[in-house]
Protein chains: 2
Amino acid sequence: MQRFGILTKAQVEKIHETSLRILEQIGLDFDYPSALEVLKKKGAKVDGRRVFFTPGFVEEQIKKAPAEFTLYARNPEHNVVIGGRNTVFAPGYGAPFVTDLENGRRQATLKDFENFVKLTGASANQDLLSGTVVEPTDVPPEIRHAKMLYASVKYSDKCFMGSTMGARAARECFQMAAILFGSRAELASSPVIFGIVGALTPLKYDTRMLGALMEYAAAGQPQVISSLAIAGATGPVTLAGNLALQNAEVLAGIVLAQLVREGTPVIFGGVSAIAELRNGTLSIGSPEMAINTAATAQMAHYYKLPVRSGGAVCDAKSPGAQASYESMMNLLMARLSGVNFVLHGAGILESYNCMSYEKFIIDDEMCGMVKRIKRGYEVNPDSLAFDIIKDVGPGGYFLDKDHTFEHFRTEFHRPQLSNRDDFVSWQESGSPESIETANKKYKQILETHVPPELPADVDKDLLKFIEKLA
Amino acid sequence: MQRFGILTKAQVEKIHETSLRILEQIGLDFDYPSALEVLKKKGAKVDGRRVFFTPGFVEEQIKKAPAEFTLYARNPEHNVVIGGRNTVFAPGYGAPFVTDLENGRRQATLKDFENFVKLTGASANQDLLSGTVVEPTDVPPEIRHAKMLYASVKYSDKCFMGSTMGARAARECFQMAAILFGSRAELASSPVIFGIVGALTPLKYDTRMLGALMEYAAAGQPQVISSLAIAGATGPVTLAGNLALQNAEVLAGIVLAQLVREGTPVIFGGVSAIAELRNGTLSIGSPEMAINTAATAQMAHYYKLPVRSGGAVCDAKSPGAQASYESMMNLLMARLSGVNFVLHGAGILESYNCMSYEKFIIDDEMCGMVKRIKRGYEVNPDSLAFDIIKDVGPGGYFLDKDHTFEHFRTEFHRPQLSNRDDFVSWQESGSPESIETANKKYKQILETHVPPELPADVDKDLLKFIEKLA
């Protein structure tokens, strides 16, 4: 397959050059003494909190990051390869609110968190768990990361994410991962947990994120290093400048990670979007978001790094038409541009503020469709079917051919939600809207959910660990 | 921009070769004596209604069709270039039913047809009129084509389509076009009307379509030559074979058009999809539809011909979530694959059976988004904004910069429908769903619509022409 590319080769170079100029002449503020120390020691120019990077220094460090790596799950069937031609999906991340058809919109709780872990575990299309799939606002912030990690491994055996809310939270997540998988030394050679670190745009990294960034790198655990520059607000209004700014920030983070530990796996992340200037809100359902996704993928490919983008993201407030066209635009663009790790693959409403149970199911269907598109064509004598076409001939019919029965299950995507009845049948079945079908479906998954086995001693040790934190 | 490509180069060759084998060894049935006569005279092997084409003969004819052409509107601002890097949109085509929020689903009438012409005329995103935007079921079939053409030119000054319901209907449409634009001889050098011709899959062309195909070619008016092979029903279940079948049918049609008039403009059309085998329905909201769109575009590019695909098409029965994710998948895929003419760009529900007033508006917003994506990046010193980034520096803000005010109107897509308010503001404004906003919007467009001027004598002559037909 030939990926979609929105930038010409010359434009990619121009963006790259401009971000190198930003890094050399403007610099970034690093609000973390240990980071400043490492950067200074390894050769960056440091002036107070401001750090300047020469082009050669940046290019040298970026090269050390691997183009592809494996993340290990406790069920090996759920190991995922991140990079290359692969695309994996994880659901929404970070929403403080949840909503569903019966109860409406409310603050998210640990119960919601657990539910979304179960839904993710049950999905054939979400490849790994999102870290903070919702913010469990009923759990004290000091132990929230530990409670989330516990729920992640208790209710699913897919790969999971850890906290990046500072160095301590990150370390505690690694300790819990070590209870599950063995020693921390082993973890470094086969990573089992990953996190997402973001710049504080424009041109800053804060204490918390830098603490986490350095811990993940030191432990050899992968991390997404991401930037969200809001064109017109925290970045230039022109998309090219906004992209150059995003690029400079991500490169700076990756440089630091490589300085902490050469070859530590990173994912190049970019989710820049625009400000809706009429009311000052962030718009992630805008076409400019999809444009940025395509360009971010190209920049990451230029650096030979795995790439992360947003997924089924939107500005809509309910899971109707707007939510779906914005989400499909972003999901399909991510895949066709060759994004490797699609975060927010399901559930997000309101520009990241809310997770919808029904939208999770609707978006999950979209992820399945996008995955079918990714599989593309198999072209061989059997699939070209010349003999069948000859046998059927002009005016004939293929429905009763053995070839049809042998292939339709693998050849066709099987919808979990989309209704393909004719109008009359649909009407006779009560004219169901997607949101109603999705409502039934998510409840049914939760009702019948059986958690994967977690060894009793591991379970006990994890609970004991959390108890000590509180 | 680098187009998305779903097939490798070798796979494109394999599809091409297989379709040439189909054309040479299986052949197609042509149900029209004049077509058989021309084909025989020019060197094809004809046996009864069955026609066989050698590879050399096919390749020779295909080369004669232009890669790009202009279609002329009566308002020159609405001329459209079809081919090259261009993508143009026209709304739905052929639905016998219409629906809207207040009146529900019903048979379409001429009044609906006129309404959709007005909505298309008023849209900034639909570049030309669709031919049979809905079937005016209250008009007798014998004069339906003339009534539709009259409504098209009466209520809009964009490019329009003519009938392909047989030779006579096509000719009468050209006569009406000549009343509007001048003599038929002039039309051949600057085409003003185009039609869409489809094969009768598998491997047939019927009398009506062949009559139209030959008339359009003889008059030098462009035509889409299209195939819809339903994998598992009218085509092989395997997508590669279905594509090869589609390809053979389209090539055969194009060969005939070139034999009738060398260099006559054609658009390579392919809208093959799959059968939903559970209930025997056609599925055009399936990911396999989008896969076929991408492959069709590649085949057309291989032949250096303009290409047509479907647009905002879906299997959904109402303009909610499913309608939107299916439509956006198909629209975005068309654009990213480099499709030139996107038919069904707005309004279609129920696998082509119904046009929705509200979905027209929703899809039109999607077309605007896709067009913004097509514009991509402008990369130059001003848009890279290095000086602005330097001026703002780490932790600063871009909102109050002149640069922001100078650029946001052109840089950002301006939504006509999408709601970007925060949740509270949205709730305070009555929690509007897209379908409700769209309902208000279409009614407002129709209420304030002012038809473009049509010279009184032309109007009179057109009406007189129709009167003579009845």
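Quick note on labels: first sequence line is chain A, next is B, and so on, each numbered from 1.
Separating the CD1 atom in A:Ile26 from the CD1 atom in B:Ile389 is a distance of 6.0 Å, to the nearest 0.5 Å. Atoms CD and OG, on A:Gln2 and B:Ser337 in that order, are 11.5 Å from each other to the nearest 0.5 Å. Atom CZ of B:Phe398 sits about 9.5 Å away from atom OG1 of A:Thr201, to the nearest 0.5 Å. If you take CE on A:Met328 and CE on B:Met328, they are separated by 9.5 Å, rounding to the nearest 0.5 Å.
Proximity to chain B (any heavy atom under 4.5 Å) is restricted, for A:Met366, to the side chain, taken from C-beta onward. Only the backbone of A:Arg3 has a heavy atom closer than 4.5 Å to any heavy atom of chain B. When heavy atoms are compared at a cutoff of 4.5 Å, A:Glu378 approaches chain B solely by way of its backbone atoms N, CA, C and O. Of the atoms belonging to B:Ala233, heavy atoms from both backbone and side chain fall under 4.5 Å from chain A. Proximity to chain A (any heavy atom under 4.5 Å) is shown, for B:Asn419, by both the backbone and the side chain. Looking at B:Pro319, only its backbone comes within 4.5 Å of chain A, counting heavy atoms on both sides. Only the side chain of A:Arg50 comes within contact range of chain B, with heavy atoms under 4.5 Å apart. Of the two parts of A:Leu7, only the side chain, counted from C-beta on, holds a non-hydrogen atom closer than 4.5 Å to a non-hydrogen atom of chain B. For A:Ala275, the part lying under 4.5 angstrom from a heavy atom of chain B is the backbone only. Heavy atoms closer than 4.5 Å to chain A are found in the side chain of B:Thr281, but not in its backbone. For a residue to count as touching a neighbouring chain, one of its non-hydrogen atoms must lie under 4.5 Å from one of that chain's; by this rule A:Asp421 touches chain B with backbone and side chain alike. Both the backbone and the side chain of B:Asn292 come within contact range of chain A, each with at least one heavy atom under 4.5 Å from a heavy atom of that chain. Within the 4.5 angstrom heavy-atom criterion, only side-chain atoms of A:Leu277, from C-beta onward, approach chain B. In this structure, chain B has no heavy atom under 4.5 Å from any part of A:Arg375. Only the side chain of B:Arg278 comes within contact range of chain A, with at least one heavy atom under 4.5 Å from a heavy atom of that chain. Within the 4.5 angstrom heavy-atom criterion, no atom of A:Arg49 approaches chain B.
The two residues B:Met333 and A:Ile373 come nearest to each other via the heavy atoms CE-CG2, 3.6 Å. Closest approach of A:Glu433 and B:Ser318 over heavy atoms only: OE2-OG, 2.7 Å. Nearest heavy atoms, B:Glu288 versus A:Glu411: OE2-O, 3.6 Å. Residues B:Asp29 and A:Pro394 share a closest heavy-atom pair of OD2-CB, 3.6 Å. Heavy atoms only, all atoms of each residue included: A:Met369 and B:Glu326 are closest at CE-CG, 4.3 Å. Pairing each heavy atom of B:Gln25 with each of A:Phe386, the nearest pair is OE1-CZ, 3.6 Å.
B:Phe412 places none of its side-chain heavy atoms less than 4.5 Å from the side chain of A:Ser283. You'll find the side chain of A:Gln322 stays beyond 4.5 Å of the side chain of B:Thr437, heavy atoms only. Counting heavy atoms from C-beta on, the side chains of A:Arg372 and B:Ser286 never come closer than 4.5 Å. Proximity of B:Thr99 to A:Phe423: side-chain heavy atoms (C-beta onward) are nowhere separated by under 4.5 Å.
Scored by the ring-ring contact (aromatic ring centres under 6.0 Å, His included) test, A:His413 finds no partners at all (sequence neighbours excluded). Under the ring-ring contact (aromatic ring centres under 6.0 Å, His included) criterion, B:Phe4 pairs with no residue, sequence neighbours left out.
Within a 6.0 Å sphere centred on CG of B:Asp402, other residues, nucleotides and ligands contribute 12 heavy atoms or fewer.
When B:Leu332, B:Leu331, B:Asn330 are each tested for a side-chain contact (heavy atoms from CB on, under 4.5 Å) with A:Leu332, only one passes: B:Leu332.
The stretch residues 12-20 of chain A places A:Lys14, A:Ile15, A:Thr18 near chain B, each with some heavy atom under 4.5 Å from a heavy atom of that chain. Heavy-atom proximity under 4.5 angstrom to chain A picks out B:Pro236, B:Val237, B:Thr238, B:Leu239, B:Ala240, B:Gly241, B:Leu243 from residues 236-243 of chain B.
Across B:Ile388, B:Asn279, B:Leu336, the residue that shares the most heavy-atom pairs under 4.5 angstrom with chain A is B:Leu336. Of the listed residues B:Lys9, B:Lys359, B:Arg105, the one with more heavy-atom pairs under 4.5 angstrom with chain A than any other is B:Arg105.
Within the 3.5 Å criterion, the main-chain N or O of A:Tyr325 finds no donor-acceptor partner in the side chain of B:Ser324.
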